[in-house]
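Have a look at the structure below before the remarks.
Values below: all heavy atoms of this structure, side chains included; hydrogens, waters and symmetry mates excluded. Along the sequence shown, the residues carry numbers beginning at 1. Both counts, for ligands and for their atoms, begin at 1 and track the order of listing. Source: prediction; values computed, not measured.
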Amino acid sequence: MNRPRLATIWLDGCSGCHMSFLDLDERLVEVAERAELVYSPLIDVKEYPESVDVCLVEGAVASEADLLKIRRVRDRTRTLVAFGDCAVTSNVPGMRNPIGPQPLLARAYLENVTLNAQVPTQVVPRLLPKALPVHAVVEIDVFLPGCPPSADLIYTALDDLLAGRRPDLSHKARFGR
Ligand code: SF4
């Protein structure tokens with residue numbers, strides 16, 4: 001039987017959710033045996049593939065590049081998981097929402113810079129007016145809260161998802177988050 005095709009992606013997040021994923025430690029071996037990891041910041045694959053069974057999405061949708069990426073990912077994925085509080089609520093990236101992107105860019109690229117101060121117009125993706133939770137942009141199948149979600153919670157969710165079940169996280173307090 002074919003193993004489920006698993007992916008993880010990283011939008012506007014700090015990588016802490018992926019670090020917590022790595023905290024699965026020896027359980028990573030089991031996950032690697034049960035699933036085929038087809039796309040992730042943890043492996044060297046450039047293009048998000050077709051026909052992904054499960055994808056964990058870290059981070060908020062905060063830029064035009066994030067928007068393009070998550071729409072493509074949604075089209076190619078059966079079960080999409082909002083992975084961590086930035087994906088679920090916009091959390092830390094959403095802290096800039098009350099002031100909008102311009103004061104933020106000025107602070108980062110003009111006020112705090114001593115040499116060649118300028119707001120980049122190339123390479124750095126354009127920010128959206130607000131950092132959005134992922135469900136504001138595409139349909140989400142499973143919400144995995146926490147900043148970051150604990151390794152135990154991630155494992156419990158993956159155990160269900162890789163077996164084709166919808167995770168029951170109603171007792172998530174017992175996972176320490
Ligand atoms: Fe980082 Fe927390 Fe956001 Fe995860 S939920 S990306 S750990 S700030």
Side-chain angles (χ1 to χ4, degrees), residues 6-28 31-32 35 37-45 48 52 54-74 77 79-101 103-105 107-109 112 124-162 166-177:
L6 174 66
T8 76
I9 68 165
W10 177 1
L11 302 177
D12 191 1
C14 75
S15 88
C17 292
H18 274 80
M19 294 300 109
S20 198
F21 181 90
L22 292 178
D23 283 341
L24 289 174
D25 296 331
E26 70 275 10
R27 291 174 292 187
L28 285 171
V31 170
L37 188 61
V38 293
Y39 185 90
S40 174
L42 307 172
I43 62 173
D44 189 22
V45 174
Y48 193 87
V52 174
V54 176
C55 177
L56 306 181
V57 182
E58 172 186 318
V61 181
S63 69
E64 291 177 354
D66 293 340
L67 197 54
L68 285 175
K69 185 166 195 175
I70 194 61
R71 286 180 173 151
R72 187 183 318 126
V73 166
R74 176 68 277 185
T77 308
T79 302
L80 203 57
V81 181
F83 178 34
D85 284 350
C86 291
V88 173
T89 69
S90 85
N91 195 29
V92 176
M95 291 171 74
R96 56 104 161 164
N97 288 349
I99 62 168
L104 184 79
L105 292 169
R107 186 71 176 161
Y109 291 106
N112 283 344
V124 178
R126 223 152 56 129
L127 293 177
L128 298 176
K130 292 189 174 184
L132 302 170
V134 182
H135 71 265
V137 175
V138 295
E139 189 176 347
I140 288 293
D141 302 296
V142 175
F143 292 87
L144 199 55
C147 182
S150 68
D152 286 347
L153 184 62
I154 296 168
Y155 178 77
T156 299
L158 277 178
D159 185 44
D160 283 337
L161 289 164
L162 297 181
R166 180 64 59 102
D168 176 9
L169 304 175
S170 54
H171 302 295
K172 70 182 179 66
R174 69 190 158 95
F175 299 106
R177 296 278 168 192

Do V124 and Y109 have side-chain heavy atoms sitting under 4.5 Å apart?
yes
Sub-2.8 Å protein N, O or S atoms surrounding atom 2 (Fe) of ligand 1
C147 SG
Checking D160 side chain against A157 main chain: does a donor-acceptor pair fall under 3.5 Å?
no
How would you list, by chain and number, every residue that makes a side chain to side chain contact (heavy atoms under 4.5 Å, CB included) with L28, sequence neighbours excluded?
F21, L22, L24
Does any non-hydrogen side-chain atom of R27 lie less than 4.5 Å from one of D152?
yes
Less than 3.5 Å apart, which donor and acceptor atoms pair up between the side chains of residues 129-143 and the rest of the protein, not counting sequence neighbours?
unit_1, atom_1, unit_2, atom_2, d
D141, OD2, R74, NH1, 3.1
D141, OD2, R74, NH2, 3.2
D141, OD2, L80, N, 2.7

Heavy atom under 4.0 Å from ligand 1: found in E58's side chain, backbone, both, or neither?
side chain
Sequence neighbours excluded, every pair satisfying salt bridge (charged side-chain N to carboxylate O under 4.0 Å, His left out) that has a member inside residues 11-24
none
